[in-house]
Trainee: 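Below is a structure I'd like to ask you about.
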Number of protein chains: 2
Amino acid sequence: MTPPSTPDGEPSTAGSPLTDEPLFLMARASSLGSAAANKKLARLELKVRQYSVLALACSDPAPTQTEVSSFLVLDPSQVVGIVDGLEQRGAVERRPGAHDRRSKTIRATADGRRLFAEARSLLSESTADSLAALTAEEQDQLNELLRRITL
Amino acid sequence: MTPPSTPDGEPSTAGSPLTDEPLFLMARASSLGSAAANKKLARLELKVRQYSVLALACSDPAPTQTEVSSFLVLDPSQVVGIVDGLEQRGAVERRPGAHDRRSKTIRATADGRRLFAEARSLLSESTADSLAALTAEEQDQLNELLRRITL
DNA sequence: CTTAATGATTGACGTATTCAACGGATGTCG
DNA sequence: CGACATCCGTTGAATACGTCAATCATTAAG
């Protein structure tokens, strides 16, 4: 199956704009969304990346750094810097792994959980804006579809 | 509307994992998707960014660089480099704007259109993989939802 | 004609991403 | 036990990316 050609031999590209490419749409949505989110989180001096790690650090059981890095699709070396920042703020702490003393689990402190709660509420405003064009049902639908292709 | 709190004062974070955040899901989908796409396009020595610009250069009427930069949410200075790369390959050419000689329109050459057709077919394999968990209907649904929040 | 505004470009700066390498800690197999 | 391969976190370098101000040519406005 080859694409139709114009009379002069050049392949036609009509009817195949970028706006039909899921990849492009997701990149754009992600880019615009995190820009807006970063702006919102700026007042807590948090970036989206740090928020993500903090969120994981709040979950139970607390994840190790490799778990964080694979979940967030980040290089392990990047996680180091992010955790450093959060740790210096007293939002998380590194604990030696329970069964493996090589690993370190990232656990949110009480302050960290308070920070997360604030950030989470700010972020929900931001995503509400981003998804304003959709009804609540459609937002759930979108979440479900995205969850199925990423998890 | 504030989140519920635990008896000892620490805000609860249970039931609000990262996997419910549309922002996180989109970031992850976008990241994984473009990684896979870049891998596929590597054999044409093309990156997703270049592909996007090439796609726009194939459309009619040919866009100016500022139009490209605003559509792709990129700084104008970044577009320069991408277009340079494509131009040196002979895939696109810069033409002086019709009504405004400051602007330059980016137009795909015949070679560029052939390259785009190949790239587009490779990329469709990649996105088919990425979206394999969804039915054709659901893929359309996802596209529609994303289109409505980004355009 | 003067002035302001715009499109493309360059260069500078900070941040991200990717990789290779290292030290400490397990686990395995002889 | 002891040699070996593996894995975790960390560091540092190389590279790409994003953001911003400054510039030149061109256009629009006063």
Side-chain angles (χ1 to χ4, degrees), chain A residues 24 27-28 30-39 41-42 45-53 56-57 61-88 92-107, chain B residues 24 27-28 30-39 41-42 45-53 56-57 61-88 92-107:
Chain A
F24 167 74
R28 197 174 150 103
S30 172
S31 170
L32 294 172
S34 61
N38 272 319
K39 217 162 125 190
L41 291 182
E45 309 201 51
L46 260 187
K47 295 182 202 154
V48 175
R49 281 287 164 78
Q50 297 177 308
Y51 170 83
S52 301
V53 172
L56 292 177
T64 67
Q65 287 190 209
T66 45
E67 288 171 329
V68 168
S69 80
S70 91
F71 194 71
L72 297 183
V73 199
L74 293 176
D75 192 271
S77 62
Q78 290 182 82
V79 179
V80 174
I82 301 173
V83 172
D84 281 350
L86 291 172
E87 194 176 36
Q88 282 164 25
V92 304
E93 51 188 11
R94 281 181 234 241
R95 296 196 179 187
H99 304 312
D100 188 341
R101 278 186 320 211
R102 290 173 296 185
S103 64
K104 298 176 187 171
T105 62
I106 308 304
R107 189 176 184 285
Chain B
F24 166 73
R28 195 174 151 103
S30 172
S31 171
L32 293 173
S34 60
N38 272 319
K39 217 162 124 190
L41 291 182
E45 309 200 52
L46 260 187
K47 294 181 204 157
V48 175
R49 281 285 163 78
Q50 296 177 308
Y51 170 83
S52 301
V53 172
L56 293 177
T64 67
Q65 288 189 207
T66 45
E67 288 171 328
V68 168
S69 81
S70 92
F71 193 71
L72 297 183
V73 199
L74 293 176
D75 191 271
S77 62
Q78 289 182 83
V79 179
V80 175
I82 300 173
V83 172
D84 282 349
L86 290 172
E87 194 176 36
Q88 282 164 23
V92 304
E93 51 187 13
R94 280 180 236 242
R95 296 196 179 187
H99 303 313
D100 186 341
R101 278 186 320 209
R102 289 173 295 185
S103 65
K104 297 176 187 172
T105 62
I106 308 305
R107 190 177 183 285

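In what follows, chains carry the letters A, B, and so on, assigned in the order in which the sequence lines appear, proteins first and then strands, with residues in each chain numbered from 1.
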Trainee: Phosphate oxygens OP1/OP2 of dT17(C): is one of them under 4.0 Å from a side-chain N or O of R49(A)?
Mentor: yes

Trainee: Write down the distance between CD (Q50(A)) and C1' (dA16(C)), rounded to a whole number of angstrom.
Mentor: 14 Å

Trainee: What are the two closest heavy atoms between K47(B) and N38(B), and how far apart are they?
Mentor: CA-OD1, 3.5 Å

Trainee: Could you check R102(A) against Q65(A) and say which one's nearest nucleotide on DNA chain D is further toward the 5' end?
Mentor: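 It is R102(A), whose closest nucleotide lies nearer the 5' terminus.
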
Trainee: Tell me the interatomic distance from E67(A), atom CD, to dC7(D), atom C1', rounded to whole angstroms.
Mentor: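 For the pair E67(A) CD and dC7(D) C1', the rounded distance is 13 Å.
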
Trainee: Rounded to whole Å, please give me the gap between NE2 in H99(A) and C1' in dC8(D).
Mentor: 16 Å

Trainee: Any side-chain heavy-atom pair from V79(B) and T66(B) closer than 4.5 angstrom?
Mentor: no

Trainee: Rounded to whole angstroms, how far apart are CG on D100(A) and C1' on dC7(D)?
Mentor: 8 Å

Trainee: Is any side-chain N or O of R101(B) under 3.5 Å from a base N or O of dT26(D), one able to act as donor and the other as acceptor?
Mentor: no

Trainee: Quick one: L74(A) CG to dT17(C) P, roughly how many Å, whole number?
Mentor: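 One finds 7 Å between P of dT17(C) and CG of L74(A), rounded.
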
Trainee: Taking only side-chain N and O atoms of K47(A), does any of them lie within less than 4.0 angstrom of OP1 or OP2 on dT15(C)?
Mentor: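 So the side-chain polar atoms of K47(A) never come under 4.0 Å of the phosphate oxygens OP1 or OP2 of dT15(C).
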
Trainee: Would you mind reading off the distance between Q78(A) atom CD and dC17(D) atom P, rounded to a whole angstrom?
Mentor: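 These atoms are roughly 14 Å apart.
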
Trainee: So, for F24(A) and Y51(B), is the gap between ring centers shorter than 6.0 Å?
Mentor: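 Distance test on ring centres: not under 6.0 Å, no.
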
Trainee: Looking at R28(B) and S70(A), what are the two nearest heavy atoms and their distance?
Mentor: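 Distance-wise, the nearest heavy atoms are NH1-O, 4.0 Å.
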
Trainee: Quick check: does any side chain N or O of Q88(A) sit under 3.5 Å from a backbone N or O of G85(A), one acting as donor and the other as acceptor?
Mentor: no

Trainee: Please report, rounded to the nearest Å, how far the C1' atom of dG7(C) is from the CZ atom of R95(B).
Mentor: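 Nearest whole value for this atom pair: 19 Å.
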
Trainee: Among dT19(D), dC8(D), dT10(D), find the nucleotide with the atom closest to the side chain of S77(A).
Mentor: dT10(D)

Trainee: Scan D75(B) against the nucleic acid and name what it touches under 4.0 Å (heavy atoms): base, sugar-phosphate only, or nothing.
Mentor: base

Trainee: Does R94(A) make a side-chain N or O approach to OP1 or OP2 of dG9(D) shorter than 4.0 Å?
Mentor: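 Checking R94(A) against dG9(D): no side-chain N or O falls below 4.0 Å of OP1 or OP2.
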
